[in-house]
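A quick write-up on the structure given underneath.
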Amino acid sequence: MDTYLNKPVVMTVSGKRIPIKGTLIDIGTDILVLHNGFQFLYVPLIHMQQLTRLPAFDSDFGIAPEPPLDPTTELSYRKVLLNAKGMFSELYIVGNHAVHGYITSIMNDFFVFYSPMFRSLYVSMRHLKTLIPYDPETTPYALEQEKFPINPSPTSLARTFDQQLKKFEGEFVVLDLGEHPGKIGLLKSVKGNLIELVSADGYSTFIHLDHVKTIHRP
């Protein structure tokens with residue numbers, strides 16, 4: 001893909017109905033960067049389904065400014081997360097649903113994202129589709145910084161996503177931003193790769209851990 005650097009491209013991303021268009025700015029070991037004329041989009045390569053050149057008549061994205069994240073000599077997914085820590089960002093995890101807030105902690109295979117809507121959101125790294133960092137002076141919903149401080153959860157963090165879920169056994173949780181009613185309920189158990197969730201009707205639903213994108217406690 002190096003031949004497409006600084007060229008206009010169109011990319012199909014897992015879970016997104018509309019392809020992403022922009023100038024290919026950088027390519028790392030497991031992530032790439034596009035600029036769509038307004039924002040920098042960081043997309044993990046695991047979710048890139050297809051990428052190709054854009055025709056000239058559909059490729060006026062202007063000249064990209066300096067990226068908001070500090071440039072690194074070896075671009076990688078984890079380095080992007082570390083650089084974005086504490087910076088107001090927009091995430092796409094579940095479909096076209098955007099989540100706004102701050103990365104507060106980064107563990108082995110998940111990170112914690114603090115937002116006004118979900119508070120502490122635990123995100124599996126394998127399911128992040130796109131990260132869009134905002135200008136450093138920007139705050140969520142134009143709130144003054146003192147009215148929206150970054151408040152990491154007091155919960156002790158585990159090293160891995162499955163161990164973190166284990167800590168929430170016996171608590172009411174919401175999986176995958178509540179996109180499906182069957183993913184809201186009492187987290188009864190986490191055994192191996194299976195989660196048992198008790199829904200409002202009292203029946204258990206079993207979900208494979210690989211398909212859990214996010215978890216939060218309302």
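Quick note: numbers below take in every heavy atom, side chains included, and nothing from hydrogens, waters or symmetry partners.
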Next item on the list: Could you tell me whether the side chain of Glu74 reaches within less than 4.5 Å of the side chain of Thr29, counting heavy atoms only?
Entry: no
Item checked: With Leu51, the side-chain contact (heavy atoms from CB on, under 4.5 Å) member among Thr12, Leu32, Val10, Ile20 -> Leu32
Next item on the list: Verify, without hydrogens or angle tests, whether Lys166 (side chain) and Val190 (backbone) share a donor-acceptor contact under 3.5 angstrom.
Entry: yes
Check: Can you tell if the side chain of Ile195 reaches within under 4.5 Å of the side chain of Leu209, non-hydrogen atoms only?
Finding: yes
Checklist line | Over all atoms of both residues, closest heavy-atom pair of Ile31 and Leu45 | finding: N-CG, 3.6 Å
Next item on the list: Step by step, work out the side-chain contact (heavy atoms from CB on, under 4.5 Å) result for Thr130 and Lys16.
Entry: CA-CA 10 Å; Thr130 311; Lys16 294 183 71 66; 4.2 Å; yes
Check: For Arg53, does the CZ atom sit with more than 12 other heavy atoms under 6.0 Å from it, leaving out its own atoms?
Finding: yes
Check: Should side-chain heavy atoms under 4.5 Å link Ile, Leu, Val, Met, Phe, Trp and Tyr, which residues sit in the same cluster as Val174?
Finding: Phe172, Ile184
Check: Between the main-chain N or O of Tyr77 and the side-chain N or O of Asp30, is there a donor-acceptor pair closer than 3.5 Å?
Finding: yes
Check: Could you state the interatomic distance from CG (Leu128) to NE2 (His47), rounded to the nearest 0.5 Å?
Finding: 7.0 Å
Item checked: From CA spacing to verdict: side-chain contact (heavy atoms from CB on, under 4.5 Å), Leu197, Val173 -> CA-CA 9 Å; Leu197 198 67; Val173 299; 3.7 Å; yes
Next item on the list: Indicate the atoms forming the closest heavy-atom contact of Lys129 with Ile93, along with that distance.
Entry: NZ-O, 3.0 Å
Check: Under a single-linkage definition using a 4.5 Å side-chain heavy-atom cutoff for Ile, Leu, Val, Met, Phe, Trp and Tyr, are Met87 and Ile103 assigned to the same hydrophobic cluster?
Finding: yes
Margin query: To check you understand the geometry: which heavy-atom pair defines the closest contact between His97 and Phe118, and what is its length?
Written below: NE2-CZ, 4.1 Å
Item checked: Between OG on residue Ser189 and CG on residue Leu194, distance to nearest 0.5 Å -> 8.5 Å
Check: Can you name the nearest heavy-atom pair linking Thr214 to Val123, along with the distance?
Finding: CG2-CG2, 4.2 Å
Notebook entry, point to check: Could you state the interatomic distance from OG (Ser105) to CZ (Phe111), rounded to the nearest 0.5 Å?
Noted result: 11.0 Å
Checklist line | 4.5 Å side-chain heavy-atom contact, Gln49 and Ser14 | finding: yes
Next item on the list: Answer yes or no: is there a side-chain heavy-atom contact under 4.5 Å between Met107 and Gln163?
Entry: no
Check: In the single-linkage hydrophobic clustering (I, L, V, M, F, W, Y; side-chain heavy atoms under 4.5 Å), do Leu175 and Leu186 co-cluster?
Finding: no
Check: Is there a side-chain contact between Arg119 and Tyr114 (heavy atoms, below 4.5 Å)?
Finding: yes
Item checked: Contact check, side chains of Lys213 and Asp176, non-hydrogen atoms, under 4.5 Å -> yes
Contacts table for residues 34-44: side-chain donor-acceptor under 3.5 angstrom, sequence neighbours left out:
from: His35; atom 1: ND1; to: Gly37; atom 2: N; distance (Å): 3.2
from: Asn36; atom 1: OD1; to: Phe38; atom 2: N; distance (Å): 2.9
from: Asn36; atom 1: OD1; to: Gln39; atom 2: N; distance (Å): 2.7

Note to self: Before you tell me yes or no, could you show the steps for Met11 and Leu24 under side-chain contact (heavy atoms from CB on, under 4.5 Å), namely the whole-Å CA-CA distance, both residues' side-chain angles and the distance that decides it to 0.1 Å?
What the structure shows: CA-CA 10 Å; Met11 179 171 58; Leu24 183 59; over 6 Å; no
Next item on the list: Treating Ile, Leu, Val, Met, Phe, Trp and Tyr as nodes and any side-chain heavy-atom pair under 4.5 angstrom as an edge, say whether Met48 and Ile46 lie in one connected cluster.
Entry: no
Margin query: Distance check, rounded to the nearest 0.5 Å: Ser89 atom OG versus Leu69 atom CG?
Written below: 7.0 Å
Check: Is any side-chain heavy atom of Tyr122 closer than 4.5 Å to a side-chain heavy atom of Leu157?
Finding: yes
Notebook entry, point to check: Would you find more than 12 non-hydrogen atoms of other residues, nucleotides or ligands less than 6.0 Å from Lys7 atom NZ?
Noted result: yes
Note to self: Quick test of your reading: applying side-chain hydrogen bond (donor to acceptor under 3.5 Å, both in side chains), list the pairs with at least one residue in residues 200-212, sequence neighbours left out, ordered by first then second residue.
What the structure shows: Arg126-Asp210, Glu196-Ser204, Ser199-Asp201
Item checked: Atom pair OG/CG of Ser76 and Leu82 - distance to nearest 0.5 Å -> 8.0 Å
Notebook entry, point to check: Does one hydrophobic cluster hold both Leu91 and Leu81, with members joined at side-chain heavy-atom distances below 4.5 Å?
Noted result: yes
Next item on the list: List the steps and the verdict of side-chain contact (heavy atoms from CB on, under 4.5 Å) for Val99 and Val94.
Entry: CA-CA 9 Å; Val99 185; Val94 180; over 6 Å; no
Notebook entry, point to check: Do Ile207 and Phe161 belong together in a cluster built from hydrophobic side chains that touch within less than 4.5 Å?
Noted result: yes
Check: Roughly how far, to the nearest 0.5 Å, is the OH atom of Tyr92 from the CD1 atom of Ile132?
Finding: 5.0 Å
Note to self: Give me the atom names and distance for the closest heavy-atom approach of Thr160 to Asp109.
What the structure shows: CA-OD1, 3.2 Å
Check: What pair of heavy atoms forms the shortest contact from Phe88 to His100, and how long is it?
Finding: CE1-CB, 3.6 Å
